[in-house]
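Beneath this line is the structure, given in structure tokens, with notes to follow.
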Amino acid sequence: MPELPEVETVRRSLEPLLVGARISHVELRRDDIVAGDRSAAALLEGASVASIARRGKQLALIAGAEGRRPGRVLVVHLGMTGQLVHHPSARDLSASTHVHALWSFDGGGVLSFRDPRRFGGLWTLADATELRARWSLLGPDGLDVTGAMLRERAGESGRAVKAALLDQGVVAGIGNIYADESLHRAGIRPTRLCRRIRGAEWESLAASIVGVLGSAIRAGGSTVRDYVGGTGRPGAAQRAHAVYGRGGEPCLTCGRPLRSMSLAQRTTVWCHSCQR
DNA sequence: ATCAGAGCCTGCCAGC
DNA sequence: TGCTGGCAGGCTCTGA
């Protein structure tokens, strides 16, 4: 399930393949995945990709300006099961199911948006100004967050700290996995109310978030539940999970069994001994 | 202000 | 073998 590290991994892998390339044709197979203008031009047909940006879990393909007309923007959210994949040839896609949109590039190469559960989607924006407006609703990116930012945005709140971490307006890019992992690393219980968290703890939490997300990016962002590598072994990031998916198993720090509960409608795992 | 709950959607898995 | 039910979760909406 793509959270910030997975989305950033996708961004980095697509950047050298797409930037500078011109989209010759767009095929939209089901239009209910698009919010906004669904025309081919809005989906960047005929445009060249100038850059690929990311904020939190959202990706943005930004088209180059044409004359005085600013480049359009296509925002991609992968939801839970979304995949944005570049294929050298359209033939590679013949066996794929749940492919909802395809972008063909001059000189070959196809980008596919595949999303079985369709929790993700596409948003067509007129220009970068609309993108800034959209992203202004998000909190700071998880890779840039500081204790002061968390405290300012959640410090007075009476909600559980985990609920605040999942709120994209507080900090952008954290989902269920990295919320639990960050709180464990910081030694803070997910149920702690924000207003009961001290300044030094916000700093510790921010550092934990940056550290956890950074490690996951370095591991290639492989956090899919049943992820296995090409040799059938579990992926590095999956093995690195200290608490996520490990309810009832021993805490890697103290050995006591990890507890599990539902908080903010999410399965939540923590160590009652290491987290206070 | 914050919560729980429902809904969207499909793949997977345990249990019958 | 094949069905059913539960679970997973990002995000949004409703009602308490």
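Below, chains carry the letters A, B, ... as their sequence lines are ordered, and counting in each starts from 1. What's counted below: heavy atoms across the whole structure, side chains too, no hydrogens, waters or symmetry copies.
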Check the phosphate of B:dT10 against A:R117, side-chain N and O only, distance under 4.0 Å to OP1 or OP2. Yes or no?
no
Within the pair A:Y244 and C:dA8, is there a side-chain N or O less than 4.0 Å away from OP1 or OP2?
no
State, without any angle test, whether A:Q275 and A:R192 hold a side-chain donor-acceptor pair at a distance under 3.5 Å.
no
Student check: side-chain heavy atoms of A:L111 and A:L61 closer than 4.5 Å:
yes
Go through A:D167 and A:R153 one step at a time and tell me if the salt bridge (charged side-chain N to carboxylate O under 4.0 Å, His left out) criterion holds.
CA-CA 10 Å; A:D167 183 343; A:R153 289 169 176 270; over 6 Å; no
Is A:R159 side chain donor-acceptor paired with the B:dT2 base, going by distance under 3.5 Å alone?
no
Just to confirm, is there a sub-4.0 Å distance from OP1 or OP2 of B:dG11 to any side-chain nitrogen or oxygen of A:H98?
yes
Please assess A:E8 against A:R54 for the test salt bridge (charged side-chain N to carboxylate O under 4.0 Å, His left out), listing each intermediate value before the final yes or no.
CA-CA 7 Å; A:E8 176 62 15; A:R54 180 194 59 75; 2.6 Å; yes
Geometric class of the A:F105/A:H86 ring pair [parallel <30°, tilted 30-60°, perpendicular >60°]:
tilted
Could you give the angle between the helix axes at the two ends of the helix from B:dT2-C:dA16 to B:dC16-C:dG2, with five pairs per end, rounded to 10 degrees?
50°
Scan nucleotides 10-16 of chain C nucleotide by nucleotide, 5' to 3', and note B when protein non-hydrogen atoms come under 4.0 Å of the base, S if they reach only the sugar-phosphate, - if neither.
BB-----
With rounding to the nearest 0.5 Å, note down the distance linking CG in A:L258 to SG in A:C271.
6.0 Å
Kindly say if A:T81 contacts the phosphate of B:dC9, meaning a side-chain N or O under 4.0 Å from OP1 or OP2.
no
Salt-bridge test for A:E201 and A:R198: reply yes if a basic N is under 4.0 Å from a carboxylate O, no otherwise.
yes
Verdict with reasoning, A:L84 to A:R114, per side-chain contact (heavy atoms from CB on, under 4.5 Å)
CA-CA 7 Å; A:L84 195 61; A:R114 177 175 186 270; over 6 Å; no
Proximity to the side chain of A:T267 - top-ranked nucleotide from B:dG11, B:dT2, C:dG9:
C:dG9
